Amino acid sequence: MPAYWLMKSEPDECSIDDALAAPGQTVPWTGVRNYQARNFMWKQMQPEDGVLFYHSSCAEPGIYGIAQVTGAPYPDPTQFDVSSKYFDTQSKPDAPRWWLVDVRAVRKTIPLLLSTMRSDPQLEGLLVLQKGSRLSITPVSPAHWHYITTTLL
DNA sequence: GCCAACGTTGGC
DNA sequence: GCCAACGTTGGC
């Protein structure tokens, strides 16, 4: 049984277009520095899990594409890179603190804006719609996934 | 730029 | 283990 996720990315850093243009249409999901989000990638994600590609911190936040998890989790290389803004002095190579998965962009979709999702009663309970939700990776129920991908996108 | 909500840190 | 202070996220 595949699981489904919503993953936020700042389009200035990596948009759905950037992901589609990457080699293999695949990008490493670097920079997650929240334990809950890390644990989803490290402990729960499986290859071929479905991903709603969400643009955050931009003019029109919302879902802009569909992607999927590829491969097994591995340590985020940016945590050991002193020149990276994600460098973590506390993390040691023999005990990495931050893990990630690779994400392959499948296709760009019509924008499904946050404002649109908020006004759709069928999406009640979607975690990204919760007040004050800041978590950059959230699980999506199969029912919500199917409704979003087959009816809204 | 503002600020509410949340996560983390560290003193006690 | 509590909780105040602080830093960050992210929509608006």
Side-chain angles (χ1 to χ4, degrees), chain A residues 3-22 25-45 49-69 73-141 143-145 147-149 151-153:
Chain A
Y4 305 101
W5 310 92
L6 182 145
M7 299 177 79
K8 295 181 187 174
S9 181
E10 297 187 17
D12 286 350
E13 293 219 349
C14 181
S15 68
I16 184 68
D17 292 311
D18 295 331
L20 283 167
Q25 299 182 195
T26 300
V27 291
W29 210 261
T30 54
V32 169
R33 296 294 181 267
N34 168 283
Y35 290 104
Q36 221 181 326
R38 176 207 65 177
N39 287 345
F40 287 141
M41 292 198 284
W42 191 16
K43 303 291 189 186
Q44 289 191 231
M45 284 187 180
D49 278 1
V51 173
L52 300 172
F53 198 113
Y54 181 96
H55 287 181
S56 67
S57 296
C58 57
E60 296 192 298
I63 294 166
Y64 283 79
I66 305 236
Q68 71 183 185
V69 175
Y74 60 96
D76 182 342
T78 63
Q79 70 195 302
F80 305 122
D81 178 358
V82 290
S83 68
S84 169
K85 67 172 174 175
Y86 299 118
F87 177 65
D88 183 348
T89 50
Q90 311 264 59
S91 188
K92 299 286 173 281
D94 58 351
R97 177 179 290 190
W98 305 111
W99 294 70
L100 54 68
V101 295
D102 286 341
V103 172
R104 186 176 69 84
V106 175
R107 66 184 174 95
K108 192 174 182 175
T109 63
I110 59 165
L112 174 54
L113 301 184
L114 181 61
S115 54
T116 306
M117 291 194 280
R118 282 200 192 286
S119 62
D120 189 334
Q122 298 247 60
L123 293 179
E124 197 182 331
L126 191 67
L127 289 174
V128 77
L129 302 182
Q130 282 188 177
K131 187 179 176 188
S133 162
R134 298 188 312 166
L135 198 54
S136 65
I137 300 175
T138 46
V140 173
S141 72
H144 282 149
W145 168 269
Y147 174 63
I148 290 168
T149 56
T151 304
L152 299 181
L153 297 179

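Atoms considered below: every heavy atom in the structure, side chains included; atoms not considered: hydrogens, waters and symmetry mates. Residue numbering restarts at 1 for every chain, and letters A, B, ... go by the order of the sequence lines. The structure displayed is predicted, hence computed values, not measured ones.
For B:dA5, one of the phosphate oxygens OP1 or OP2 lies less than 4.0 angstrom from a side-chain nitrogen or oxygen of A:Lys131.
Between A:Phe40 and A:Trp5, the two ring planes are tilted [angle within 30° to 60°].
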Give the B/S/- string for nucleotides 7-12 of chain C, one per nucleotide from 5' to 3', where a protein heavy atom under 4.0 Å of the base yields B, of only the sugar-phosphate yields S, and otherwise -. BBBBSS
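Side-chain contact between A:Cys14 and A:Glu10 is absent, with no heavy-atom pair separated by less than 4.5 Å. Contact of the A:Phe80 side chain with the A:Pro96 side chain is registered, since non-hydrogen atoms from C-beta on lie closer than 4.5 Å. Residues A:Tyr74 and A:Pro28 meet the side-chain proximity criterion, which asks for heavy atoms closer than 4.5 Å.
The side-chain hydrogen bond (donor to acceptor under 3.5 Å, both in side chains) check on A:Lys85 picks up A:Glu13, with sequence neighbours excluded.
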